[in-house]
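Start at 1 and go down the list; that is how both ligands and their atoms are numbered. Numbering starts at 1 and runs along the sequence shown.
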Amino acid sequence: MPLVTTKEMFAKAYDGGYAIGAFNVNNMEIIQGITDAAAELKSPVILQVSKGARSYANHTYLTKLVEAAVIEHPEVPIALHLDHGADFDICKSCIDGGFTSVMIDASSHSFEENIEITKKVVEYAHDHGVVVEAELGTLAGIEDEVQVEAGSESYTRPEEVEEFVSRTGCDSLAIAIGTSHGAFKFTAAQCERNADGILVPPPLRFDVLEECIKRLPGFPIVLHGSSSVPQEYVKMINEFGGSMPDAIGIPEDQLREAAKLAVCKINIDSDIRLAMSATIRKYLVEHPDHFDPRQYLKPSREAVKDMVSHKIINVLGSNDKI
Ligand code: G3H
Ligand code: 13P
Ligand code: ZN
């Protein structure tokens, strides 16, 4: 089937109590790892592209690689989504360039400006058969060039969500309930150490999520910053020449609970980066005489596939949904 929008996948996910994984893509190996896992587990999937991905790999290369995945896996519903579109122009460029979904992230603007910018994108997108994700509230962490210090983030205000959605006409809404971008989501001061010395982050704000759901019944909610930063990969990176002390993510059981509620899209990027780079580091240290990229990219592509399979089964619950 051709690329799809997220409309039908979100409606089914909402009713079925699961979420669709939205994975960031930057190159062929990542696209192959993600879509091979989705095909094997019969899961719909969202491939998302950031501004940084577009400037690294180029719009044409990325859309053509995604087109190849669509041809290879015709049975898998795949949506191609712009992640964190900062303004109307980048959204328009992706809509005109074949994306089926865009995010307009005007969450750093005032409430009124956010509505105005989002509404303009929604009008253009809907005229072209494309759906729009918007955001209310601010996550901590780094996304493209914008860095929000831990402690400066703000949770979504549930009393604003109905007005925002009805005035903009957006199709899904990203909210801030304590998730955060990147591999260092919390400072040590924000966490508690458990008996094994592992840092445990503060729990997600399910009260904020539930209040938003009450005010937007049937409406798809999105969670950004939802990598869990698996400690086995952090260890592997540290063991094979890297240095990532106190990298910490969102516990997977909390994301699974959110997926059972109205959260229909869960964004995961850092976990894929960790899996790839840990595997490459290990391979090159263990094979000092190898220099063919195919040798070290093959196990790292397999690690992406394993990571996505794990997320589909243990976090998203989107397996066997095709
Ligand atoms: O939230 C942002 C995503 O992880 C994309 O990251 O801007 O480094 O491509 P990027
Ligand atoms: P992570 O950094 O937690 O993977 O979040 C990715 C994300 O939200 C992309 O928009
Ligand atoms: Zn994000």
At less than 4.0 angstrom from any non-hydrogen atom of [X], what atoms of ligand 2 do you find?
X	result
Asn24	9 (C)
His84	10 (O)
Ser226	3 (O), 5 (O)
Gln48	9 (C), 10 (O)
His181	2 (O), 5 (O), 6 (C), 7 (C), 8 (O), 10 (O)
Lys185	1 (P), 2 (O), 3 (O)
His224	8 (O), 10 (O)
Ser270	1 (P), 2 (O), 4 (O)

Pair [X] + [Y], salt bridge at N-O below 4.0 Å:
X	Y	answer
Glu211	Arg215	yes
Lys12	Glu8	yes
Glu232	Lys235	no
Glu210	Lys214	no

Item to complete: Report yes or no: do Asp269 and His181 form a side-chain donor-acceptor pair below 3.5 Å?
Response: no

Fill in: His310 and Glu252 side chains, donor-acceptor separation under 3.5 Å
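There is such a pair (donor and acceptor under 3.5 Å, judged by atom type) between the side chains of Glu252 and His310.
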
Worksheet item: Does Ile268, backbone or side chain, put an N or O under 3.5 Å from an N or O of ligand 2?
Response: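 There is no such contact.
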
Fill in: the Zn ion (ligand 3) - closest N/O/S atom in His224
ND1

Worksheet item: Looking only at N/O atoms, are Asp269 and ligand 1 under 3.5 Å apart anywhere?
Response: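 Among all N and O atoms of Asp269, at least one is under 3.5 Å from an N or O of ligand 1.
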
Item to complete: Say whether Asn26, considering both its backbone and side-chain N or O atoms, lies within less than 3.5 Å of an N or O atom on ligand 1.
Response: no

Worksheet item: Stepwise, does the side-chain contact (heavy atoms from CB on, under 4.5 Å) test hold for Thr6 with His81?
Response: CA-CA 9 Å; Thr6 54; His81 173 78; 5.8 Å; no

Discussion item. My understanding is that only one of Glu160, Glu162, Glu112 makes a salt bridge (Lys or Arg N to Asp or Glu O under 4.0 Å) with Arg167; could you say which?
Written reply: Glu112

Discussion item. Using a 4.0 Å cut-off to any heavy atom of His181, which atoms of ligand 1 qualify?
Written reply: 1 (O)

Worksheet entry | Atoms of ligand 1 close to Asn24 [distance to a heavy atom under 4.0 angstrom, numbered from 1] |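 Answer for ligand 1: 3 (C), 5 (C).
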
Discussion item. Give me each pair satisfying side chain to side chain donor-acceptor pair (under 3.5 Å) with a member in residues 69-79, each pair once, sequence neighbours excluded.
Written reply: Asp36-His73

Worksheet entry | Residue portion contacting ligand 2 (non-hydrogen atoms closer than 4.0 Å) for Ser180 | backbone

Discussion item. Would Arg54 and Ser93 count as a side chain to side chain donor-acceptor pair (under 3.5 Å) here? Give the steps.
Written reply: CA-CA 11 Å; Arg54 273 177 109 222; Ser93 165; 2.7 Å; yes

Discussion item. Which residue is it: Lys265, His84, Gln48? I am looking for the one with a side-chain hydrogen bond (donor to acceptor under 3.5 Å, both in side chains) to Glu133.
Written reply: Lys265

Worksheet item: Looking from the Zn ion (ligand 3), what is the angle between NE2 on His181 and NE2 on His84, to the nearest 10°?
Response: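 Approximately 100° at the metal, rounded to tens of degrees.
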
Item to complete: Quick one: sort the His290 and Tyr283 rings into parallel, tilted or perpendicular, breaks at 30° and 60°.
Response: tilted

Response to the item:
Check: of Arg273, Lys51, His84, min heavy-atom distance to atom 10 (P) of ligand 1 comes from Arg273

Fill in: Option of least heavy-atom distance to atom 10 (O) of ligand 2 (set: Asp271, Val229, Asp83, Thr179)
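Nearest option to atom 10 (O) of ligand 2, by heavy atoms: Asp83.
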
Response to the item:
Any heavy atom of Asp83 under 4.0 Å from ligand 1? The part involved is side chain

